[in-house]
Structure formats: C-alpha cells, structure tokens
Amino acid sequence: MKAAVARVIATGPALEMIAELRHRHGPIMFFQSGGCCDGSAPMCYQAGEFNLSDTDVYLGNLNGAPFYMGLEQFGYWEHTQLIIDVVPGNGGMFSLDNGTGRRFLTRSRVFTDEESRELGLL
C-alpha cells in the first residue's frame, strides 16, 4: 500500500540542524508561526514548551520532531507541501534555532492533482 504524500518534509541541512538541536535540548517540536512577531517562520521548541490547542493540526514528523500548525492557517496552506529548510540568519525570538547563526525557513509547493486526490482535497 502506497503511503500518503507527506504534508511536511525537511531538507538535509534542516534534518542535520534538528539533530543538533535535539542533542542540545532533548526532544523538540515545531509550530508553524502564523505571522506577528516572527513572520511565518517555523518555530522550534523543546517538547512540552509550547501549548497546543484543540484546533491545532498535526502535519507530520520531521526526524522525530512533530510539526503543527493552527487550524486557521492550515486553511490557507492545506493545498501545499511545506518544505522546511535552513538558511543563514537569526531564528525567531522564541525558537531554539535563535543564536545558531542559522534559522529554519518554510518553503512550499502546491500539491499535484494526483497528490490532492490522495489527500482527499479534490
């Protein structure tokens, strides 16, 4: 049986940084910021340090780190695959990547018609 297309994936450099942060901080998790202070950056927290709500949507797992997004924001992004990458710069004020000289960045691509059907979007 073919696995469903992933809603969130990570590049090699992002997976390496996730491993570094996990080594330094223990279990981690991500929440896709919806704007405000840190734009739309994927925010990285120690597991349990960010309070999820009943309406937050679980998108998948990045090398052991669960990834969530708020329901309202998910309404805008549900037709796209999120691709978590790492670029030079400062991370979000409250994100564990802050101070590393690198930060996580969300890229995206629209699902193909076949992927959208597989996910029940069409």
Side-chain angles (χ1 to χ4, degrees):
M1 179 176 172
K2 183 179 172 188
V5 62
R7 288 194 170 274
V8 61
I9 62 173
T11 64
L15 291 172
E16 289 173 13
M17 189 155 158
I18 289 168
E20 287 175 31
L21 292 174
R22 182 182 296 114
H23 179 75
R24 199 174 312 155
H25 300 284
I28 60 174
M29 54 96 53
F30 285 90
F31 190 85
Q32 178 63 49
S33 176
C36 182
C37 304
D38 294 306
S40 58
M43 303 293 286
C44 182
Y45 301 95
Q46 283 183 300
E49 291 294 314
F50 182 85
N51 292 325
L52 295 167
S53 78
D54 292 340
T55 61
D56 291 332
V57 178
Y58 171 75
L59 296 180
N61 191 296
L62 300 176
N63 197 24
F67 195 102
Y68 299 88
M69 174 183 285
L71 181 61
E72 185 176 341
Q73 179 135 347
F74 180 70
Y76 298 111
W77 292 72
E78 71 178 326
H79 291 83
T80 63
Q81 181 179 59
L82 302 184
I83 304 157
I84 306 307
D85 200 0
V86 171
V87 296
N90 291 322
M93 182 183 304
F94 304 108
S95 187
L96 292 177
D97 57 346
N98 193 16
T100 65
R102 298 169 289 160
R103 67 182 182 90
F104 290 108
L105 175 77
T106 300
R107 301 180 195 281
S108 65
R109 70 166 186 88
V110 176
F111 288 124
T112 65
D113 287 346
E114 180 180 332
E115 290 169 329
S116 292
R117 277 190 289 280
E118 188 177 326
L119 291 168
L121 300 172
L122 291 180

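Follow the hydrophobic side-chain contacts under 4.5 Å out from Leu62 and you never reach Met29; the two are in separate clusters. Cluster annotation: Phe30 is not connected to Ile83 through the hydrophobic network of ILVMFWY side chains, with a link wherever side-chain heavy atoms come within less than 4.5 Å. No path of Ile, Leu, Val, Met, Phe, Trp and Tyr side chains, each step under 4.5 Å between heavy atoms, connects Leu105 with Ile84, placing them in separate hydrophobic clusters.
Residues passing the side chain to side chain donor-acceptor pair (under 3.5 Å) test with Glu115, sequence neighbours excluded: Arg109, Thr112. The side-chain contact (heavy atoms from CB on, under 4.5 Å) check on Ser108 picks up Trp77, Thr80, Leu82, with sequence neighbours excluded. Scored by the side-chain contact (heavy atoms from CB on, under 4.5 Å) test, Asp54 finds no partners at all (sequence neighbours excluded). Residues that satisfy the salt bridge (Lys or Arg N to Asp or Glu O under 4.0 Å) test with Arg24, not counting sequence neighbours, are absent from this structure.
With Gln32 contributing its side chain and Met69 its backbone, the two residues share no donor-acceptor pair below 3.5 Å.
Closest non-hydrogen pair, Pro42 versus Ser95, comes out as O-OG, 4.2 Å.
Distance check, rounded to the nearest 0.5 Å: CG of Asn51 to CZ of Phe31 gives 11.0 Å. A distance of 10.0 Å separates CG in Leu52 from OH in Tyr45, rounded to the nearest 0.5 Å.
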Donor-acceptor contacts under 3.5 Å from residues 5-21 side chains, at least two apart:
{"residue": "Arg7", "atom": "NH1", "partner": "Glu78", "partner atom": "O", "Å": "2.8"}
{"residue": "Thr11", "atom": "OG1", "partner": "Ala14", "partner atom": "N", "Å": "3.3"}
{"residue": "Thr11", "atom": "OG1", "partner": "Asp85", "partner atom": "OD1", "Å": "2.8"}
{"residue": "Glu20", "atom": "OE1", "partner": "Arg102", "partner atom": "NH2", "Å": "2.6"}

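Here side-chain hydrogen bond (donor to acceptor under 3.5 Å, both in side chains) pairs that include residues 57-72, with residues two or more places apart or in two chains, number zero.
Checking each of Phe104, Phe94, Phe67, Phe50 against Cys44 for a side-chain contact (heavy atoms from CB on, under 4.5 Å) leaves exactly one that passes, namely Phe104.
Using a 4.5 Å heavy-atom threshold, the side chains of Arg103 and Val87 count as touching.
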